[in-house]
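Single-structure report; data block below.
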Amino acid sequence: MLKGKKWLFGFLLTSISMSAQSFDLLPLGVHGGGEENNLSAYLLGETGKKEYISLDAGTLRAGIDKAIENNVFQVSNEEVLRKYIKAYFISHGHLDHLSGMIINSPEDSAKHIYALPSTIEVLKNRYFTNDAWINFANEGDLPQLGKYTYQSISGNQEFSIENTNLKAKIFELSHVNPYKSSAILVSNPKQEAVLYLGDTGADRVEKSQHLQNLWAAVAPWIQQKKLKAILIEVSFDNSRDEKALFGHLTPKLLNEELLKLQQISKVKDLSGIKIIITHLKPGGKQIENIKNQLLQQNPLKLELIFPEQGKKISL
Ligand SMILES: [Zn+2]
Ligand SMILES: [Zn+2]
């Protein structure tokens with residue numbers, strides 16, 4: 001009897017902790033330049049399902065190798081690439097966000113690429129051309145191999161991510177005004193969500209309202225406690241002159257923007273939302289400085305996560 005009760009208690013605990021987790025996030029690359037084997041790419045899927053959208057695709061193969069080493073996957077690198085990654089979201093046209101997808105395209109399986117119309121134009125006219133590479137996509141230079149299908153998504157339009165149960169919306173960001181980058185809000189059938197931002201400057205520096213608009217759009221998710229995490233960049237430390245940020249954030253600017261998010265959301269605090277810091281740029285002691293500055297000046301008492309390549313994060 002006693003044994004039975006213990007078993008039941010254990011079972012209940014396990015099911016409670018399982019139901020609290022909704023997404024698996026697997027960083028395949030976490031840096032914003034420098035190391036070509038560790039550039040922005042994050043697999044996001046429903047917990048345990050192995051049906052992912054790749055949020056940017058700077059590094060694929062080296063990140064999958066790390067994940068296999070860490071026992072996150074028990075299949076070959078090629079199988080993860082071909083079968084587990086169901087689609088791509090590309091935040092903007094810079095190489096550190098898409099070079100892994102281009103280089104691995106000959107081995108890849110057919111899938112959709114979701115992006116803003118301006119990003120699709122960059123892919124079509126600069127990368128999937130028959131002189132820069134081979135046109136593996138369904139538009140642009142002839143011949144078109146048609147492995148990838150461009151899905152040009154205008155801001156605020158909700159869409160389903162093919163071969164998953166996930167839905168998403170894309171939002172414009174400013175990455176040296178008027179150059180556009182973008183963010184994506186991915187939601188599951190339980191209406192829980194994760195927000196991923198590509199490269200972005202702060203509104204004050206960019207003379208833009210894109211972040212303010214994004215914060216207003218995610219405010220209802222925060223009020224209903226449905227936003228699990230925000231992946232946002234901090235590329236430089238606080239010593240960098242604001243005139244030389246080239247559309248990126250520092251710890252100080254991140255805090256400024258998150259304070260605005262809290263105000264716009266009209267909530268007491270942002271606790272419960274994991275803040276995952278992406279796109280740290282290597283060089284000298286910069287990464288160390290960024291981490292120290294964020295941890296020392298954390299006025300909103302946020303839960304900060306510094307993702308590591310190939311290590312799964314449960315959300
Ligand atoms: Zn970048
Ligand atoms: Zn960029």
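Numbering of ligands and ligand atoms starts at 1, following listing order. Atom set for the values below is all heavy atoms of this structure, side chains included, hydrogens, waters and symmetry mates excluded.
- Between Trp221 and Gln191, the closest side-chain pair of non-hydrogen atoms falls below 4.5 Å.
- In this structure, Lys291 forms a cation-pi arrangement with Phe306, its terminal cationic atom sitting closer than 6.0 Å to the ring centre and no more than 45° off the ring axis.
- For the Zn ion (ligand 2), the nearby protein N/O/S atoms, meaning those under 2.8 Å, are His92 NE2, His94 ND1, His175 NE2, Asp199 OD2.
- Checked by atom type, the side-chain pair Ser22/Glu192 shows a donor-acceptor distance below 3.5 Å.
- Here the rule is side chain to side chain donor-acceptor pair (under 3.5 Å) with His97, and of Thr59, Asp56, Thr119 only Asp56 fits it.
- Residue Tyr148 is tested with Asn135, Asp108, Asn138 for a side chain to side chain donor-acceptor pair (under 3.5 Å); the sole match is Asp108.
- Residues satisfying the ring pair (Phe, Tyr, Trp, His ring centres under 6.0 Å) criterion with His210, sequence neighbours excluded, are absent altogether.
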